[in-house]
Amino acid sequence: MKKIQAIRGMYDLLPEQTVLWQYVEAAAMEVLQSYGYREIRFPVLEQTELFKRSIGEVTDIVEKEMYTFEDRNGDSLTLRPEGTACCVRACEEHGLLYNQTQRLWYMGPMFRHERPQKGRQRQFHQIGVEAFGMEGPDIDAEVILLTARLWRALGLDAAVTLQLNSLGSNAARAAYKDALVDYLQSCRDQLDEDSQRRLESNPLRILDSKNEKTQALLADAPCLLDHLDDESKQHFERLQELLNESSVAFEVNPKLVRGLDYYNRTVFEWVTDKLGAQGTVCAGGRYDGLVEQLGGRATPAVGFGLGMERLVLLLEELGLVPDALEQNVDIYIVAVGDTAVNRALQVSEVLRDEMPHWRLQMHCGGGSFKSQMKKADKSTATLALILGEDELANNVVSVKFLREDKPQQQIAIADLVGVLQTAV
RNA sequence: GUGAACGUAGCUUAAUUGGUAAAGCGCUUGAUUGUGGAUCAAGCAGACAUGGGUUCGAAUCCCAUCGUUCACCCCA
């Protein structure tokens, strides 16, 4: 019979991997909590219309990457390709943005039908952060500082760099788009094929083309930063001042643009050169018009998405996985014979009552002393507690040190908790 | 969606001009009647990704499908 395998581009995370994920998630949660951000959860399925209206009808994501299907009612549903639109929808639906600010985060799978490669999968996981109701550059600085703190917590600060840009107001960006198209039309036949296509669909994306000839042409192209409206210019300058004051290094990249239509003003990306072609670990920016665009009251907002797979990959690539993650058991309990098993189960339950943070693994499935000891060694435990006939007869447990050169001890069951507390 | 490389045991890999599948790691057992790690011995383990074709004969050559990887594209 043909074996059923996972969907292309969607991967299982095995126990060896999940410990690293848990470590990253815990670090992120700690940082987010320290800034007073609260978690929000929303469904992975939404009405297709939500993404069409927010991401933009002519973006690649909406045109050819969404998992869209009809449900049994005939409604068009889509597996979320990103979280911001869902978050706005949920907040609006429950009045979270009415005359108040919100600092929120979420975590979970996103879906895009792309060709898989390193750092890119069809089901991938993001941590998303969104801050609503604050229009000043101080909140932009806060979310950037928050990410910088996470890199420090994970030891990644030397591996990632911050790129910063401002897209200006929608009007300013539209004016710039016209100027850029005018310029590029004049040398249209020198552009690469992809960029010629983008001239109609999404001209700003030509700015970050990887084609060298195209990049050479762009050297004389009009610059986005020269077309900023005054307010956006002030906002951007103030943000840079705040980051400088906080000693966050950044590089202004006037060619940094976003693939989703809803961004305006501040955009930023944390990038690395350690992950091949998919070097963006975290990216975001302002989207002051999105809430209104989705039918709510005009609400300024800023946020970012962080690619979990890329972050985990980066930690592995740099050898920053803590050794302690390999250990999943502290104490392994060896019991030979039915009576010993009875006693061992009771003893291990008492130990768990007394010391809930100890990780105890009871040997199950029988076997000789030798094979049980082998399992104890493999288990990563530092101690083995041994219960056999001799121990039962004397009401003791043998304690063997598996990772240090210390003599085995016999300890009365009644004294076990106290003795182990000092031994572990 | 485009291009290239690749798919052999749980994992990593070998197999000469096409001649009917090896090894290491891991796992099990034993050497040691109640004691792990090192060593030694034995054992378990494979429709050689799937389906077709060429051939007396295919892991090897050809085609298709599926999958993996990297890059383009896209983006977190």
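In what follows, every chain begins at residue 1, and chains take the letters A, B, ... in the order their sequences are listed.
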Need the pair for U20(B). Rule: Watson-Crick or G-U wobble, both distances under 3.5 Å, any strand; none if unpaired.
none

By the definition side chain to side chain contact (heavy atoms under 4.5 Å, CB included), identify the one residue from E130(A), M29(A), Q102(A), E142(A) that meets it with Y37(A).
E142(A)

Could you give the distance separating U8(B) and G67(B) at their C1' atoms, to the nearest angstrom?
15 Å

Take atom P in A23(B) and the same atom in C61(B), then report the distance between them in whole Å.
24 Å

Verify the contact: side-chain N or O of K370(A) to OP1 or OP2 of G36(B), cut-off strictly under 4.0 Å; return yes or no.
yes

Give me the distance, rounded to whole Å, that separates G46(B) from G1(B) when you measure between the C1' atoms they each carry.
37 Å

Using the P atoms only, state how far C48(B) lies from A9(B), rounded to an integer number of Å.
10 Å

Pick the C1' atom in C56(B) and in U13(B), then give their distance to the nearest Å.
32 Å

Between C6(B) and A49(B), how far apart are the C1' atoms? Round to whole Å, please.
12 Å

Heavy atoms of other groups near K255(A) NZ, more than 12 under 6.0 Å:
yes

Using whole Å, what does the distance between atom P of nucleotide G7(B) and atom CD of Q5(A) come to?
16 Å

Salt bridge check, E269(A) against R258(A): does any charged N sit closer than 4.0 Å to a carboxylate O?
yes

Atom-to-atom span, NZ of K378(A) to P of G26(B) - whole angstrom:
7 Å

Can you tell me if CD on Q215(A) sees more than 12 non-hydrogen neighbours from other groups inside 6.0 Å?
yes

Tell me, for nucleotides 68-76 of chain B in 5' to 3' order, what letter each nucleotide earns: B for a base near a protein heavy atom under 4.0 Å, S for only sugar-phosphate near one, - for neither?
SSSBBBBBB

Between A59(B) and G18(B), how far apart are the C1' atoms? Round to whole Å, please.
10 Å

Between I386(A) (CD1) and G36(B) (P), how many Å, whole number?
10 Å

Atom-to-atom span, CG of D405(A) to P of G36(B) - whole angstrom
15 Å

Atom CG of L392(A) and atom C1' of G34(B) are separated, to the nearest Å, by 12 Å

For E16(A), answer base if it contacts any base atom (sugar-phosphate contacts may also be present), sugar-phosphate if it contacts only those atoms, and nothing otherwise; contact means non-hydrogen atoms under 4.0 Å.
nothing

Go nucleotide by nucleotide along RNA chain B from the 5' end; which of H113(A) and E389(A) gets its closest nucleotide reached first?
H113(A)

K374(A) vs G26(B): side-chain N/O to OP1/OP2 distance below 4.0 Å:
no

